[in-house]
Amino acid sequence: MAGELWRLGAGETAAAVRDGEASAVDVTEAHLDRLQQVNPAINAVTVTLADEALAAAKAVDKARAAGEPLGPLAGVPVTIKENTDQAGQATTNGLPALANHMALEDAPSVANLRKAGAVIIGRTNTPEFSVRWHTDNPLRGATRNPWDPSRVAGGSSGGAAAAVAAGIGAVAHGNDAGGSLRYPAYCCGVATIKPTLGRVPHANPSAWEERPPGIQLMSVQGPIARKVADVRLAFEAMAAGDPRDSWWVPAPLQGPKPEGPVKVAMTVDPAGGGVDDAVAAAVRQAGTALAEVGYEVEEVEPPLVKDCASLWALLQLNEIRWFMGPAARSIGSDAFNAVLDAYEAFTPTLEVEGYARALADRARLLRAWMMFFQAYPLVLGPVSCTPPMKAGLDTEGPDAVAGIIHAHRLLIAVNTLGLPAAAVPTGLVGGVPLGVQVIGARYREDMCLDAAAAIEAAGGLPTPIDPVP
């Protein structure tokens with residue numbers, strides 16, 4: 001069993017350690033060996049933390065031998081994204097200028113994973129400033145999709161998703177302000193949950209200033225794993241409160257059980273903007289899987305998807321222009337500045353009144369969705385309306401970026417509203433993963449994950465995999 005320990009999921013690993021079937025040290029060593037074997041092909045992990053990981057694993061084994069209670073992730077190898085503070089490590093955010101920007105303490109999500117007994121084995125790659133759809137930067141290089149290296153691994157948690165898909169760690173930490181958990185999971189054929197705003201606490205103690213208001217409303221932390229059950233296990237551990245996050249809400253992890261069958265609004269082509277045939281088939285396949293286990297699935301369009309996506313672009317891209325633009329122009333790569341040029345061409349510059357009105361309009365959109373959830377507690381739809389894109393597409397000018405944003409209109413709409421959404425794979429088409437997302441009302445991650453698990457049971461993908469050369 002020792003040589004295959006890296007294949008186990010988070011729940012299986014924790015159970016094996018807790019029951020004495022495997023030591024945390026053996027598990028960690030197996031994952032470190034796997035990292036050395038496959039990471040050169042995908043460049044998902046940027047910093048290997050072998051000594052720190054083995055010390056943490058030994059502490060888990062010592063606690064078990066002493067009969068001490070173990071956390072729900074005891075002995076589970078995890079990775080942390082390089083845009084999030086981890087004590088003693090650089091929070092690079094993909095930038096050479098921040099290669100030595102050392103964190104003195106853990107961010108809340110990292111601290112919560114440690115408290116749950118997780119063993120951190122490495123740091124994962126992210127694009128410059130964590131804003132591209134393709135995980136590439138001049139400090140670490142590009143992360144390659146383990147299924148097809150010509151396709152993106154997704155952004156900005158591309159390193160996290162690629163690592164998990166290839167068997168490096170059972171859980172990967174990531175974050176999502178515009179699809180950065182769900183899109184990499186989609187591209188790499190794994191699962192995730194984008195939590196509700198305020199569900200998982202976040203703060204980067206090393207940050208020089210607070211994030212702008214729109215990004216605060218849209219950005220969340222969450223886990224990526226190969227199976228939905230492991231996503232749920234890690235999500236619940238990460239959701240523990242922390243006073244450093246003023247947005248955190250002590251909401252119960254399980255909400256009331258709906259009366260009768262859960263109604264699901266299925267949108268195959270959100271806002272009627274066009275969808276790839278294979279993506280449409282994947283959504284319908286997922287809808288059939290839900291219907292077969294008792295969900296009431298209807299093809300119904302959720303409200304104002306186009307408006308939600310437009311507001312995301314208006315707020316996010318203006319805030320990137322104001323808060324990130326000056327630094328990007330001086331320390332960003334040519335590729336990143338090409339993406340920034342395209343963003344600026346795509347989005348009009350707001351004045352103070354326009355920005356205030358845009359922030360205010362979010363309430364109108366969220367209200368419409370809250371009312372919609374009264375009739376349909378879940379929404380099923382595509383993560384992207386196209387299969388995983390070719391690497392580098394986002395550097396090909398304003399038209400390419402406009403097409404990318406349009407293809408991901410339902411993905412970014414969820415961030416605008418601060419809603420939870422689970423992403424789950426449905427299978428392969430032409431050797432490339434496809435999947436769907438399940439969107440729920442605020443703090444109903446439990447319902448999203450329940451539906452995602454049902455979809456997974458009917459299909460899913462056989463991960464971990466050996467990366468395709």
Exercise. Does a side-chain heavy-atom distance below 4.5 Å link M218 with Q316?
Worked result: yes
Minimum side-chain heavy-atom gap I439-C448 below 4.5 Å: no
Does any N or O in the side chain of R409 come within less than 3.5 Å of the main-chain N or O of H406, such that one atom is a donor and the other an acceptor?
-> yes
Practice prompt. Would you check if there is a donor-acceptor pair between the side chains of Q216 and R211 at a distance under 3.5 Å?
Written response: no
Do V438 and V379 make a side-chain contact, defined as non-hydrogen atoms from C-beta onward lying under 4.5 Å apart? no
Problem set entry | Exam field: side chain R123 to backbone V47, donor-acceptor pair closer than 3.5 Å | no
Tell me whether R444 at atom CZ has more than 12 heavy atoms from other residues, nucleotides or ligands lying less than 6.0 Å away. yes
query = Does the side chain of L5 come within less than 4.5 Å of H31's, by heavy atoms?
reply = no
Exercise. Are the side chains of V429 and P387 in touch, meaning some heavy atoms are under 4.5 Å apart?
Worked result: no
Worksheet item: Do we see a donor-acceptor contact under 3.5 Å between the side chains of T143 and N125?
Response: yes
side-chain contact (heavy atoms from CB on, under 4.5 Å) with V436: of V279, L290, V383, I455, only one passes, and it is I455
- Item | D230 side chain to G9 backbone, donor-acceptor under 3.5 Å | no
Donor-acceptor contact below 3.5 Å, side chain D242 vs main chain P201
no
Walk me through it: do M324 and F336 pass the test side chain to side chain contact (heavy atoms under 4.5 Å, CB included)? CA-CA 12 Å; M324 198 179 295; F336 181 79; 4.1 Å; yes
Shortest non-hydrogen pair, T13 vs P77, comes out as CG2-CD, 4.2 Å
message = Would R284 and M266 count as a side chain to side chain contact (heavy atoms under 4.5 Å, CB included) here? Give the steps.
response = CA-CA 8 Å; R284 294 190 187 283; M266 181 175 70; 4.1 Å; yes
Closest non-hydrogen contact found for I224 with A160 is CD1-CB, 4.0 Å
| field | Pair S130, N93: side-chain N/O donor-acceptor within cut-off below 3.5 Å | value | yes
Problem set entry | D394 vs R132, salt bridge (Lys or Arg N to Asp or Glu O under 4.0 Å): CA-CA, chis, key distance, verdict | CA-CA 8 Å; D394 62 342; R132 287 185 62 189; 2.7 Å; yes
Taking it one step at a time, do F346 and I405 satisfy side chain to side chain contact (heavy atoms under 4.5 Å, CB included)?
CA-CA 10 Å; F346 180 80; I405 292 173; 3.7 Å; yes
Item checked: Residues T196 and E445: side-chain donor-acceptor under 3.5 angstrom -> yes
side-chain contact (heavy atoms from CB on, under 4.5 Å) test vs N175 passes for just one of T84, T126, V200, namely T84
Review point. Does CZ in R364 sit with more than 12 non-hydrogen atoms of other residues, nucleotides or ligands closer than 6.0 Å?
Key: yes
Backbone N/O of S180 and side chain of S156: donor-acceptor pair under 3.5 Å | no
Side chain proximity check, P72 to L233, heavy atoms < 4.5 angstrom: yes
Exercise. Please say whether more than 12 non-hydrogen atoms of neighbouring residues, nucleotides or ligands are located less than 6.0 Å from CG in D19.
Key: yes
Does any N or O in the side chain of D446 come within less than 3.5 Å of the main-chain N or O of Q254, such that one atom is a donor and the other an acceptor? no
- Does the side chain of H408 reach to within under 4.5 Å of the side chain of W312, using non-hydrogen atoms? no
Exercise for review: Look at the side chain of R144 and the backbone N and O of A44, then say whether any donor-acceptor pair between them is shorter than 3.5 Å.
Suggested key: no
- [ ] Scan side-chain atoms only and decide if E301 and T267 contain a donor-acceptor pair under the 3.5 Å cut-off.
- [x] yes
Side-chain donor-acceptor pair present, Y376, E298, cut-off under 3.5 Å
yes
Only one of Q86, K81, Q221 passes side-chain contact (heavy atoms from CB on, under 4.5 Å) with S109, and that residue is Q221
Spell out, as yes or no, whether a donor-acceptor pair under 3.5 Å connects the side chain of W6 to the backbone of G169. no
query = Taking Q285 for the side chain and T426 for the main chain, is one N or O donor matched with an acceptor at less than 3.5 Å?
reply = yes
Check your understanding: Hey, does the side chain of E236 reach the backbone of L253 with a donor-acceptor pair shorter than 3.5 angstrom?
Key -> no
Heavy atoms of V171 and A225 approach each other most closely as CG2-CB, 4.4 Å
**OP:** Using the side chain to side chain contact (heavy atoms under 4.5 Å, CB included) rule, take V38 and I168 through it: C-alpha gap first, then chi angles, then the decisive distance, then the call.
**Re:** CA-CA 8 Å; V38 300; I168 305 173; 3.7 Å; yes
